[in-house]
Amino acid sequence: MKSLILFILAIGFAQPASVYAQQLAVDEAPKKRQLIDITEHEAEVLISKLKVAQDRLEAGQFQSFRLLAGSIASYDQTKVSPRRAFLYIDFDDVWEVKHLPNATNIGHSFRLAYAPDGLGKLFWDIKVTTDTTERLNIVSMIYRPPEQF
């Protein structure tokens, strides 16, 4: 955010104020986590499971869920192991949680978005699948650019 403000000051005030507002809005995450087809309590339970899994992995405890992570071939995130990428995620700062429809009725699927450098920039698109007992089954993470409108 600080660099954006310096950039605005450096280029002067040649553009309308609305352009600056749009640039500032790109970096600001929503004040409240965006929830789609999921309650706040359900989202907190899911995030808690992910944080516990992080803590257990960090402590060297065995975790049975499948963990996949990747990115566009030229991005540096492809050089990082899935485990290290997973441990990097700050699940408290996930700004969107969505419950995905499940055609098989076996467990649940969710999509989370974590933008470490702010909205409108590269972000972790995280898909979480639970089993029938609501334990983590698969965590799949892709570091990618946001959708173009």
Side-chain angles (χ1 to χ4, degrees), residues 1-5 7-8 17-149:
M1 186 66 143
K2 184 177 175 183
S3 61
L4 179 61
I5 292 170
F7 172 74
I8 291 170
S18 63
V19 172
Y20 295 119
Q22 290 171 354
Q23 289 172 335
L24 290 174
V26 168
D27 280 346
E28 296 174 4
K31 301 287 184 234
K32 186 174 179 182
R33 181 176 290 138
Q34 304 299 296
L35 304 175
I36 303 166
D37 296 329
I38 188 170
T39 67
E40 189 170 338
H41 175 73
E42 291 167 330
E44 288 301 323
V45 168
L46 175 64
I47 288 170
S48 177
K49 287 178 188 183
L50 292 163
K51 290 168 43 177
V52 166
Q54 281 180 319
D55 292 342
R56 289 180 178 168
L57 275 177
E58 191 102 66
Q61 295 178 13
F62 178 77
Q63 296 296 289
S64 62
F65 65 92
R66 287 176 277 174
L67 180 57
L68 311 165
S71 185
I72 293 172
S74 291
Y75 288 175
D76 285 341
Q77 282 69 13
T78 58
K79 299 175 186 175
V80 177
S81 73
R83 181 181 179 141
R84 188 167 170 198
F86 178 73
L87 293 174
Y88 164 80
I89 303 295
D90 183 352
F91 286 103
D92 286 326
D93 287 341
V94 164
W95 66 272
E96 182 179 88
V97 180
K98 179 179 184 178
H99 184 257
L100 301 172
N102 191 349
T104 63
N105 292 329
I106 299 174
H108 294 277
S109 295
F110 306 91
R111 177 159 269 134
L112 295 81
Y114 172 63
D117 297 321
L119 298 182
K121 299 185 179 161
L122 297 171
F123 75 103
W124 284 102
D125 185 2
I126 306 164
K127 185 176 179 189
V128 178
T129 305
T130 61
D131 63 17
T132 55
T133 61
E134 298 301 318
R135 290 182 302 195
L136 296 177
N137 188 24
I138 303 169
V139 176
S140 174
M141 308 183 335
I142 303 294
Y143 191 71
R144 65 181 189 83
E147 297 293 333
Q148 297 297 317
F149 294 102

- request: Start with the C-alpha distance between I126 and V139, add both sets of side-chain angles, then the distance that settles side chain to side chain contact (heavy atoms under 4.5 Å, CB included), and finish with yes or no.
  value: CA-CA 7 Å; I126 306 164; V139 176; 4.1 Å; yes
task: May I have the step-by-step check of side chain to side chain contact (heavy atoms under 4.5 Å, CB included) for L57 and R83, ending in yes or no?
output: CA-CA 8 Å; L57 275 177; R83 181 181 179 141; 3.9 Å; yes
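For the atom pair L67 CG and R84 CZ, the distance stands at 14.0 Å (nearest 0.5 Å). Taking CD1 of I142 as the reference point, atom NZ of K127 lies at 11.0 Å (rounded to 0.5 Å). Between the CD atom of Q77 and the CG atom of L122 there is a distance of 7.0 Å, given to the nearest 0.5 Å. Taken to the nearest 0.5 Å, the CD1 atom of I89 stands 10.0 Å off from the CG atom of L50.
Listed by chain and number, the residues in a ring pair (Phe, Tyr, Trp, His ring centres under 6.0 Å) with F91 are F86 (sequence neighbours excluded). With sequence neighbours excluded, no residue satisfies side-chain hydrogen bond (donor to acceptor under 3.5 Å, both in side chains) with S64. Under the ring pair (Phe, Tyr, Trp, His ring centres under 6.0 Å) criterion, F110 pairs with H99, not counting sequence neighbours. Partners of T132 according to the side chain to side chain contact (heavy atoms under 4.5 Å, CB included) rule, which considers only residues two or more places apart in sequence or in another chain, are I106. With sequence neighbours excluded, the residues that form a salt bridge (Lys or Arg N to Asp or Glu O under 4.0 Å) with D131 are R135. Listed by chain and number, the residues in a side-chain hydrogen bond (donor to acceptor under 3.5 Å, both in side chains) with R144 are D125, E147 (sequence neighbours excluded). Residues passing the side-chain hydrogen bond (donor to acceptor under 3.5 Å, both in side chains) test with R66, sequence neighbours excluded: none.
A 4.5 Å side-chain heavy-atom check between W95 and L119 finds at least one atom pair inside the cut-off. Residues P116 and Y88 meet the side-chain proximity criterion, which asks for heavy atoms closer than 4.5 Å.
For residues 87-96, every residue pair satisfying the salt bridge (Lys or Arg N to Asp or Glu O under 4.0 Å) rule, not counting sequence neighbours, is listed here: K51-D92. Listed by first then second residue, pairs satisfying side-chain hydrogen bond (donor to acceptor under 3.5 Å, both in side chains) with a partner in residues 52-63 number zero, not counting sequence neighbours.
For the pair F65 and L136, the tightest heavy-atom approach, listed with the atom from each and the gap, is CB-O, 3.3 Å. Taking all atoms of both residues into account, the shortest heavy-atom contact from A85 to W124 is CB-CH2, 3.9 Å.
Atom NZ of K98 is surrounded by 12 or fewer heavy atoms from other residues, nucleotides or ligands within 6.0 Å.
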Show me the side-chain donor-acceptor pairs of residues 68-76 shorter than 3.5 Å, one per line, residues at least two apart or across chains.
{"unit_1": "S71", "atom_1": "OG", "unit_2": "Y143", "atom_2": "O", "d": "2.8"}
{"unit_1": "D76", "atom_1": "OD1", "unit_2": "K79", "atom_2": "NZ", "d": "3.3"}

Show which side-chain atoms of residues 40-47 pair as donor or acceptor with protein atoms under 3.5 Å away, not counting sequence neighbours.
{"unit_1": "E42", "atom_1": "OE1", "unit_2": "T39", "atom_2": "N", "d": "2.9"}
{"unit_1": "E42", "atom_1": "OE1", "unit_2": "T39", "atom_2": "OG1", "d": "3.2"}
{"unit_1": "E44", "atom_1": "OE2", "unit_2": "R33", "atom_2": "NH1", "d": "2.8"}

